[in-house]
Amino acid sequence: MAPPRTELRRLAAHGQLPGLLRQLSTLGGCSRPIRLAGHRTEHALDTTTGEIGPVLHHLESTALPAGQLLVRCNNRRATRCATCAETYRRDTYHLITAGLRGGKGTPEHVAAHPRVFATFTAPGFGPVHNRPTGRPACRCGTTHHDDDPALGTPLNPDTYDYEAAVLWNAHAGALWRRFSIYLRREVAKRAGLSQRTLRHHARVSFAKVAEYQRRGAVHFHAVIRLDGPDGGTTPPPAWATAELLTDAIRAAAHSARVTGPILNGREHTFTFGTQLDIRVIRSADFTGGAELTDRAVAGYIAKYATKGAETATGALDHRIRLLAEIAHTDLTDHARRMIRTCWELGARRDLEHLRLRAWAHMLGFRGHFSTKTRRYSTTLGTLRQARAEWRRLQAAIARGDDAHAPAPATLVLAHWVYAGTGLTKGERWLTDVLHTDRAEGDTAHD
């Protein structure tokens with residue numbers, strides 16, 4: 001990208017360039033920051049009397065070099081902001097790892113708990129182009145390459161069940177919730193306990209992430225663990241084994257089903273597909289590639305936490321307000337038909353609760369991409385708070401303040417309004433320059 005000389009000369013002439021560089025450096029390379037206009041005033045506060053004291057700090061957005069307050073977008077999608085998505089990926093990696101190895105408030109003995117890595121797929125909606133393992137070529141007679149755009153698209157789009165595919169995505173979250181209920185039931189059954197008494201002996205913890213297959217159907221990857229009654233802080237009972245957990249998962253996945261709508265006399269019922277992969281997670285590193293390790297699982301799940309429908313199927317990474325918008329976007333024919341089906345079904349009053357038009361860019365899926373049970377490990381919020389505290393500590397050290405001194409009580413009055421998104425050409429060029437060295441030298445160690 002060529003430097004926008006006119007904008008840079010103007011900034012330099014007004015002495016704003018050093019200040020703008022400092023402001024942009026706080027974004028960590030975010031390419032689509034939120035721009036806010038407003039003000040913030042911090043007063044001293046006497047906590048004994050409640051008296052509001054003098055102004056300690058005052059900030060006006062117009063006084064900032066960029067003319068507005070710039071805040072990181074924190075978007076998880078790599079197609080929207082690669083830097084913020086990388087932060088999200090690393091946070092997810094540490095969250096998953098903490099539930100497998102311990103750390104971040106989770107005890108290390110959790111590594112000895114029975115745990116598996118399971119993949120739950122969607123059912124079939126019609127034959128698609130693929131790379132079969134048991135046959136030399138696809139049904140179409142072609143041996144597709146890994147990056148062939150035809151992979152995942154229907155062999156015959158006119159007979160492909162787009163209606164069921166979209167509704168499956170819309171009900172996938174509800175099906176997972178039903179499965180999690182059945183899983184606890186199956187574990188209790190195998191332990192010779194009732195569901196009510198199971199909570200006094202063991203707890204099922206999990207962390208999962210949603211991924212789109214190339215055909216546009218959502219499937220789930222999950223780390224599922226058996227703990228003691230208080231979660232990862234307590235050891236599981238002697239009967240809790242990886243084999244028992246695996247057997248319970250298979251039974252629960254087979255039994256879980258969600259009743260869907262009846263459309264034009266056709267009743268929809270949603271279940272998982274027949275392909276269910278469950279692998280026991282080992283603590284040791286790879287030994288000749290034979291074992292699935294906690295590190296490999298964490299990296300695998302974190303990778304998919306920053307991807308959406310746009311990555312796998314060539315769909316959109318943002319919402320649409322009018323169906324006509326897809327005529328001006330670079331979409332695959334398959335993704336276009338999935339979105340159109342969402343839009344058409346979204347017009348039905350009996351399907352209003354699915355909000356298919358609002359989630360058409362997600363091909364009907366409206367659930368969270370990554371979720372976990374409360375006691376699996378730490379939370380993304382806790383990790384972000386720790387990072388914010390570290391930054392405040394570093395800023396205090398840079399100012400020469402006592403970083404460990406207790407913060408005085410203050411009253412903050414602020415008013416901010418949305419003023420836009422993104423960077424100017426000059427700001428974008430400066431951001432790229434600021435973070436070029438960091439990107440080249442980053443070895444991405446987690």
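Nothing here was measured: the structure is a model prediction, and the numbers come from that model.
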Participant: What do the steps show when you test L363 against V166 for side-chain contact (heavy atoms from CB on, under 4.5 Å), and what is the final call?
Facilitator: CA-CA 6 Å; L363 310 183; V166 163; 5.8 Å; no
Participant: Crowded around Q394 CD? As in, over 12 foreign heavy atoms under 6.0 Å?
Facilitator: yes
Participant: Is the side chain of R366 donor-acceptor paired with the backbone N or O of A170 at a distance under 3.5 Å, no angle test?
Facilitator: yes
Participant: Distance check, rounded to the nearest 0.5 Å: L226 atom CG versus R203 atom CZ?
Facilitator: 12.0 Å
Participant: Quick one: are K208 and V223 in side-chain contact, heavy atoms under 4.5 Å?
Facilitator: no
Participant: Do you know which two heavy atoms are closest between R184 and V204, and how far apart they sit?
Facilitator: NH2-O, 3.9 Å
Participant: Is there a side-chain contact between T41 and L411 (heavy atoms, below 4.5 Å)?
Facilitator: no
Participant: Starting from the C-alpha separation in whole Å, work towards a yes-or-no answer on side-chain contact (heavy atoms from CB on, under 4.5 Å) for L8 and W429.
Facilitator: CA-CA 10 Å; L8 294 177; W429 185 83; 3.7 Å; yes
Participant: Go through it in stages, so that I can follow the logic: the residues are V258 and T271, the test is side-chain contact (heavy atoms from CB on, under 4.5 Å), and I'd like the CA-CA distance, side-chain angles, deciding distance and then a yes or no.
Facilitator: CA-CA 7 Å; V258 170; T271 63; over 6 Å; no
Participant: Does the pair T106 and Y376 meet the rule for a side chain to side chain donor-acceptor pair (under 3.5 Å), with working shown?
Facilitator: CA-CA 8 Å; T106 304; Y376 172 80; over 6 Å; no
Participant: Going by heavy atoms in the side chains, are V55 and E42 under 4.5 Å from each other?
Facilitator: no
Participant: Can a salt bridge be assigned to the pair R319 and E325 using a cut-off of 4.0 Å between side-chain N and carboxylate O?
Facilitator: no
Participant: When the ring centroid of W168 is compared with that of F365, is the distance short of 6.0 Å?
Facilitator: no
Participant: Should we count NE2 of H145 as having more than 12 external heavy atoms under 6.0 Å?
Facilitator: no
Participant: Scan for salt bridge (Lys or Arg N to Asp or Glu O under 4.0 Å) pairs involving residues 221-230, sequence neighbours excluded, and state none if there are none.
Facilitator: R225-D227, D230-R375
Participant: Going by side chain to side chain contact (heavy atoms under 4.5 Å, CB included), name the residues that satisfy it together with H415, two or more places apart in sequence or in a different chain.
Facilitator: H39, V417
Participant: Would one find more than 12 heavy atoms of other residues, nucleotides or ligands at under 6.0 Å from atom CD of E108?
Facilitator: no
Participant: If every non-hydrogen atom of G216 is compared with every non-hydrogen atom of N169, which pair is closest and at what distance?
Facilitator: O-ND2, 3.0 Å
Participant: Test side-chain contact (heavy atoms from CB on, under 4.5 Å) on L64 and Q23; report intermediate values, then the result.
Facilitator: CA-CA 8 Å; L64 294 170; Q23 187 177 1; 3.9 Å; yes
Participant: Please check this pair: side chain of T371 against backbone of H368, looking for a donor-acceptor N/O pair closer than 3.5 Å.
Facilitator: no
Participant: Under 3.5 Å, is there a donor-acceptor pair between the side chain of T382 and the main chain of T378?
Facilitator: no
Participant: Does D277 have more than 12 heavy atoms from other residues, nucleotides or ligands lying within 6.0 Å of its CG?
Facilitator: yes
Participant: Test your reading of the model: is there a side-chain donor-acceptor pair from T83 to the backbone of G29, 3.5 Å cut-off?
Facilitator: yes
Participant: Evaluate H268 against E163 for side chain to side chain donor-acceptor pair (under 3.5 Å), listing each step before the verdict.
Facilitator: CA-CA 10 Å; H268 288 276; E163 179 180 280; 2.8 Å; yes
Participant: Once you measure the plane-to-plane angle for F272 and F220, does it fall in the parallel (<30°), tilted (30-60°) or perpendicular (>60°) bin?
Facilitator: perpendicular
Participant: Quick check on side chain to side chain contact (heavy atoms under 4.5 Å, CB included): which of L70, L20, L21, L24 does P65 satisfy it with?
Facilitator: L20
Participant: How far does CD1 of I278 sit from CG of L276, to the nearest 0.5 angstrom?
Facilitator: 4.0 Å
Participant: If a pair satisfies salt bridge (Lys or Arg N to Asp or Glu O under 4.0 Å) and one of its residues is in residues 21-33, list it, with sequence neighbours excluded.
Facilitator: none
Participant: Would you say that P154 contacts P127 through its side chain, given a criterion of any heavy-atom pair below 4.5 Å between the two side chains?
Facilitator: no
Participant: Measure the CZ-OG distance between R374 and S205 for me, rounded to the nearest 0.5 Å.
Facilitator: 12.0 Å
Participant: Compare all side-chain heavy atoms of R35 with those of T421 and state whether any distance is below 4.5 angstrom.
Facilitator: no
Participant: Supply the atom-to-atom distance I96 CD1 to D91 CG, rounded to the nearest 0.5 angstrom.
Facilitator: 11.5 Å
Participant: Could you grab the distance from atom CZ of R336 to atom CG of D330, nearest 0.5 Å is fine?
Facilitator: 8.0 Å
Participant: Do side-chain atoms of E427 reach the backbone of T424 as a donor and acceptor pair under 3.5 angstrom?
Facilitator: yes
Participant: I want to know whether H361 and H318 have ring centres closer than 6.0 Å.
Facilitator: no
Participant: Using 30° and 60° as the class limits, which term best fits the ring planes of H219 and H221: parallel, tilted or perpendicular?
Facilitator: perpendicular
Participant: State, to 0.1 Å, how close H129 and C140 come at their nearest heavy-atom pair, and which atoms those are.
Facilitator: ND1-SG, 3.5 Å
Participant: Could you tell me which non-hydrogen atom of L151 sits nearest to which non-hydrogen atom of H144, and how far apart they are?
Facilitator: CD2-CB, 3.6 Å
Participant: What closest approach, in Å, do S31 and C81 show between heavy atoms, and which atom pair accounts for it?
Facilitator: N-SG, 3.5 Å
Participant: Any cation-pi pair here, R257 with F270, using under 6.0 Å and within 45°?
Facilitator: no
Participant: Can you tell me how far CZ of R215 sits from NE2 of H334, rounded to the nearest 0.5 angstrom?
Facilitator: 8.5 Å
Participant: Mind telling me whether F206 and W176 have parallel, tilted or perpendicular rings, with 30° and 60° as the class edges?
Facilitator: perpendicular
Participant: When you measure from the side chain of R115 to the backbone of V280, do you find a donor-acceptor pair of N or O atoms at a distance under 3.5 Å?
Facilitator: no
Participant: Indicate the atoms forming the closest heavy-atom contact of W416 with S61, along with that distance.
Facilitator: CZ3-CB, 3.9 Å
Participant: So I249 and V116, do their side chains get closer than 4.5 Å, heavy atoms only?
Facilitator: yes
Participant: Going by heavy atoms in the side chains, are R340 and I326 under 4.5 Å from each other?
Facilitator: yes
Participant: Is the backbone N or O of T6 less than 3.5 Å from a side-chain atom of R10, with the two atoms forming a donor-acceptor pair by type?
Facilitator: no
Participant: Are R131 and D148 close enough for a salt bridge, meaning some N to O gap below 4.0 Å?
Facilitator: no
Participant: Do L155 and V128 touch side chain to side chain, with heavy atoms closer than 4.5 Å?
Facilitator: no
